[in-house]
2 protein chains.
Amino acid sequence: MPEATTRSLKQAGLKVTLPRMRILELLDSAEDHHMSAEDIYRGLLQAGDDIGLATVYRVLTQFETAGLVTRHHFDGGTAVFELDVGDDHSHIVCMKSGAVAEFTDEIIEQRLNEIATELGYQLTNYNLVLYGIKQSS
Amino acid sequence: MPEATTRSLKQAGLKVTLPRMRILELLDSAEDHHMSAEDIYRGLLQAGDDIGLATVYRVLTQFETAGLVTRHHFDGGTAVFELDVGDDHSHIVCMKSGAVAEFTDEIIEQRLNEIATELGYQLTNYNLVLYGIKQSS
DNA sequence: ATAAATGCAAAGACTTTGCAGCGGC
DNA sequence: GCCGCTGCAAAGTCTTTGCATTTAT
């Protein structure tokens, strides 16, 4: 039983229950770790767990509040979640395959702060998603 | 009757009907021209028009397809629409008042293209929203 | 006249919530 | 044993769709 997982939950003030452990593990182990609630739900079922969709949503919302996961709305329709490892990155989504890659960039960060300041805002947060075509390798 | 409005509709291959005219006019005249379908619906009612919410959604979707308006999902919950005047800007949203300002920036544009290329993508589009606090004046 | 557009109500997708029972500490 | 957690089903949002009627050309 993953020690780190247990610790994360306790630190978040959440009881260490089976559904919460499984969801954390699944998010951690998934190749593309950006998953919708439905993705997670089906993944759990396939893994033999019997966890309700409502619980998945509830747990994810709690995790988000606790800062364990981040919620994204790439398309607007369905939300996707990913483990928050504190590195606060942006995303680039392939319009063909749907694959998601991540990046951070100092130049962008710096310039966004300048822009906000110029416009009279104190920047607290931002959301940047690129859409493109992945060049065939 | 606004000539430009009529022309836009015709160019888009859409019949010039009252609901479509009114919606275009409302989007054009609104102070903060970022409006949800519900906003528009209520605005029309207040103006004395009798137009169904379903029609508002249908018309907005058609306008989006025709390139007359753009749909945004700032919060993820509700979509907001704005007239597309071709200048393709980013947004900064005040977390207190909800006010939305717009900007474009060459440095950002250029850097995003570089980033996409570096990652092996051909950039087709991007979505950038800043969240901040507007400094009191 | 004809094909398209509208309004209403019903259905859909996604997400949240109420409540009785189960489970961790 | 207590309080929180889960599952299920029902309710909630936001948005789309089916169908009979109205409307623009």
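Just so it is clear, the values below take in all heavy atoms, side chains as well, and ignore hydrogens, waters and symmetry mates. Lettering of chains follows the sequences in order, A, B, ..., and the numbering in each one begins at 1.
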Can you measure Glu64(B) atom CD to dT15(D) atom P for me and round it to whole angstrom units?
11 Å

For nucleotides 17-19 of chain C, give me every protein contact, N/O to N/O, under 3.5 Å, one pair per line with atom names.
from    : atom 1 : to       : atom 2 : distance (Å)
dG18(C) : O6     : Arg58(A) : NH1    : 3.1

Starting at CD of Gln62(B) and ending at C1' of dT16(D), how long is that distance when rounded to a whole Å?
12 Å

His73(A) NE2 to dC14(D) P: how many Å, rounded?
13 Å

From CG of Leu53(B) across to C1' of dT16(D) the rounded distance in Å is 11 Å

Where do Gly52(B) and Tyr41(B) come nearest, in terms of heavy atoms and distance?
C-CE1, 3.9 Å

Residue pair Thr5(A) / Arg20(A), side-chain donor-acceptor N/O under 3.5 Å
no

Between CG of Leu18(A) and C1' of dC5(D) the distance, given in whole Å, is 12 Å

Side-chain N,O (Thr61(A)) to OP1/OP2 (dT15(C)) below 4.0 Å
no

What is the distance, to the nearest angstrom, from the CG atom on Leu60(B) to the P atom on dA5(C)?
15 Å

Lys/Arg-Asp/Glu bridge criterion (N-O < 4.0 Å) met for Glu118(A), Arg111(A)
yes

CG of Asp49(B) versus C1' of dT6(C): gap in Å, rounded?
13 Å

